[in-house]
2 protein chains.
Amino acid sequence: MPTRRQAIDDLRASGGSVTIADVARLAGVSQTTVSRVLNGQRGLVSRATFRRVERVIEELDYQPTALGRALRQGQSNLVALFLPDTQNPFYSAIADSIEVCLQQDGLNLVLCNTREDAAMQDAALRQLLSFRVRCFIMLGAVDSAGLRDAAERNTPFLFINRLPPAGIAAPFIGIDNYAAGADIARYLVPRALTEVGVVSGPSRSSASRSRYEGFRDTMAALGHPIRPDNTWQSELTIKGGYDLGAAIIGRAGMPRAIFCANDLISYGLHKRATENGVRVPDDLFIVGFDDNPLNRWLAPWLVSVQVPYQEFGPIVRSIIVGSNLPAADQIILPHHIVERHNETAAD
Amino acid sequence: MPTRRQAIDDLRASGGSVTIADVARLAGVSQTTVSRVLNGQRGLVSRATFRRVERVIEELDYQPTALGRALRQGQSNLVALFLPDTQNPFYSAIADSIEVCLQQDGLNLVLCNTREDAAMQDAALRQLLSFRVRCFIMLGAVDSAGLRDAAERNTPFLFINRLPPAGIAAPFIGIDNYAAGADIARYLVPRALTEVGVVSGPSRSSASRSRYEGFRDTMAALGHPIRPDNTWQSELTIKGGYDLGAAIIGRAGMPRAIFCANDLISYGLHKRATENGVRVPDDLFIVGFDDNPLNRWLAPWLVSVQVPYQEFGPIVRSIIVGSNLPAADQIILPHHIVERHNETAAD
DNA sequence: CTGAAAGCGCTTACAG
DNA sequence: CTGAAAGCGCTTACAG
């Protein structure tokens, strides 16, 4: 039929986007029917009609607008992922794992860099809340007024890696950081690395805190309490470790081994050490945390604790898609210590 | 007035989100007026009314839904940024720069990892198109059917770092890659590094191609053409450089210097070199590209070309907010060679 | 199996 | 300066 062809061509050429009404008109059905086809409700549409509508959809290359649907349903197919530092490949790797998994269900991941800043986090939270995001995945959340506000209003949260701030009941996925800290103590002591120091992360991070406490308590229990002046604190960045290194590396009573709150801090410390002629691991043994994807390539000298970041995606997916957001369940993933044996060879 | 207080408390407690109609009712005005206040159209509302509405908005902690507005206006306050590899801190740094700038105008950046894959890029494009995204910023776009389709329909594109595929007319921001490649040749030759090799990136990347061509042409012009068997190709990753290194490092006629399409490739090559006892830069001089933020910390032995990634944000912002999307203008940023002088000291 | 109508929460001519 | 009404593009009771 030349008229129908014509109509279709006109529409596609007109530039203005094709709507469900156009499809309905050209297929000779109601919007309702088109909507049913769109949502694959086969039981509600005859086979013949279904196919006819499908064909028109294809001919027009019609793509339903997410905005209309989301507005009506009170929910979009957006999922937000907040993370404290996009420059840290460890966080990016978790984001990747989650993105791949959610894509399979037609969910779009919106990444949001909070830079560990409560104000930025709150601003982004407000914005995305107004998009009726299906779930907020908080990778390393910061305690903030906006976060507590949203939690009170039953916003769907999912905390990853770092526990929700005290008083917020929401599901958590991550490792047992206290146990991991303890494991490091048990790793070092038998190797005669008992004169240790520790660089903990900022206190806002429950993960860093637990790691530190597990390490400290276990070192003490094993008879080698950490000297107070061998305890430092740093941002979770390379620069943080490097700057702090200036105070550690030169010092008289420099410890024989140092446990850092994450791998990036270790990189910075290592750089300072090599600049000052301190050999790693011969003079200074460094332990990090996360098993950053870069370690394999750039830090064979580093012993680290592997957080199984590939596992986050599937679990997150099952929770969001299965919509079985548990009230405040905790899913504890396994961790283990990674050592690379060509330590001294490469660097 | 106790009734109003009561009404407000009821609303806030009800859980269901507050709408513009609620605000209008409680303020005793029409939705139109509330909308005007929301959009700061002071000229259209009396001072007294404006303040009254503002107060109700605050009391209710009312946040307009982006979906309603976007649907009506045919445009959301979302901006999409496509990037080929979230694990590359160079790309993340560009994303950061853009995000910070756009935030100032209430625009939300949606990050989208294409993994250099046309199908993933097209899928994401379709999804985000349906959110009426305000602009698609393509950092390292891949040529694909969906991209050409969208371009034909006048989708607002902005290409960054890597030129738009041939035939697509859209604005571009980036450096002059051909000139940069030439500069590297002019850097190496006076230093007696004339027996060179080159690792170019995948052919899909116009940036990599131009760098290679500029380097090749200039080496030839300076009387030191690159030997064909000293030309390789690699994905833009550490692993790519490391794997390729197996074929380069051991070889009899290994070149004295190698120019890599990006810094990550250099990292991989360097690792392979050190593992095989080849010293960098004494035995093998390595030049990379991008001046990856990690270089400062992890690769002081590397000479690289700095792409001024901090400058992308402000320019992108002025284009999107000023909505002066030029038809197909090119904004060429300056580049320069970076060398770190503690090369041999640290690593 | 099918459709007319209402409604999600905004903004925007239009009229006063 | 203010508001009633239409409309953005979908989905969903509801009725047949």
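Chain naming here is simple, since letters A, B, ... match the order of the sequence lines and numbering starts at 1 in each.
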Heteroatom pairs (N/O) under 3.5 angstrom, protein to nucleotides 12-16 of chain D:
from	atom 1	to	atom 2	distance (Å)
dT12(D)	OP1	Gln73(A)	NE2	3.3
dT12(D)	O4'	Arg72(A)	NH1	3.4
dT12(D)	O4'	Arg72(A)	NH2	2.9
dT12(D)	O4	Thr32(A)	OG1	3.3

Whether Thr49(A) contacts dT2(C) is assessed here as follows: a side-chain N or O lying under 4.0 Å from the phosphate OP1 or OP2. Is that the case? yes
Leu71(A): which residues meet the side chain to side chain contact (heavy atoms under 4.5 Å, CB included) condition with it, sequence neighbours left out? Leu67(B), Leu71(B)
Looking only at side-chain N and O atoms, does Thr33(B) come under 4.0 Å of OP1 or OP2 in dG3(D)? yes
Once you round it to whole Å, what is the distance between P of dG3(D) and CZ of Phe50(B)? 14 Å
Counting only heavy atoms not in Arg51(B) (residues, nucleotides, ligands), do more than 12 fall under 6.0 Å from its CZ? no
For Leu67(A), answer base if it contacts any base atom (sugar-phosphate contacts may also be present), sugar-phosphate if it contacts only those atoms, and nothing otherwise; contact means non-hydrogen atoms under 4.0 Å. nothing
Take the protein atom CG of Leu38(A) and the nucleotide atom C1' of dG3(C), then report the distance between them rounded to whole Å. 16 Å
Would the Phe136(B) and Phe157(B) ring centres measure less than 6.0 Å apart? yes
Which of these nucleotides, dT11(C), dG9(D), dT2(D), is closest to any side-chain atom of Thr65(A)? dG9(D)
Between C1' on dG3(D) and CD1 on Ile20(B), what's the gap in Å once rounded to a whole number? 13 Å
Quick one: which of dG9(C), dC10(D), dG3(D) gets closest to the side chain of Ser30(B)? dG3(D)
Is there a Watson-Crick or G-U wobble partner for dG16(C) with both distances under 3.5 Å, and which nucleotide is it? dC1(D)
Looking at Glu54(A) and Arg47(A), is any side-chain nitrogen of the basic one under 4.0 Å from a carboxylate oxygen of the acidic one? no
Can you tell me how far P of dT2(C) sits from CZ of Arg42(A), to the nearest Å? 13 Å
Could you check how far CG of Leu71(A) sits from P of dC10(D), rounded to whole Å? 12 Å
Please check the phosphate of dT2(C) (OP1 and OP2 only) for any side-chain N or O of Ser46(A) closer than 4.0 Å. yes
Pair Asp96(A)-Asn113(B), side-chain donor/acceptor within less than 3.5 Å: yes
Is the distance from OP1 or OP2 of dC10(C) to the nearest side-chain N or O of Tyr62(B) less than 4.0 Å? yes
Take the protein atom CZ of Arg132(B) and the nucleotide atom P of dC10(D), then report the distance between them rounded to whole Å. 8 Å
Gap between atoms CG and P, on Leu129(B) and dC10(D) respectively (whole Å): 13 Å
Would Ser144(A) and Gln121(A) count as having a side-chain donor-acceptor pair, cut-off 3.5 Å? yes
Verify the distance criterion only: is there a donor paired with an acceptor across the side chains of Arg132(A) and Gln75(A) at less than 3.5 Å? no
Please state how far atom CZ in Phe131(B) lies from atom P in dG9(D), giving the value in whole angstrom units. 16 Å
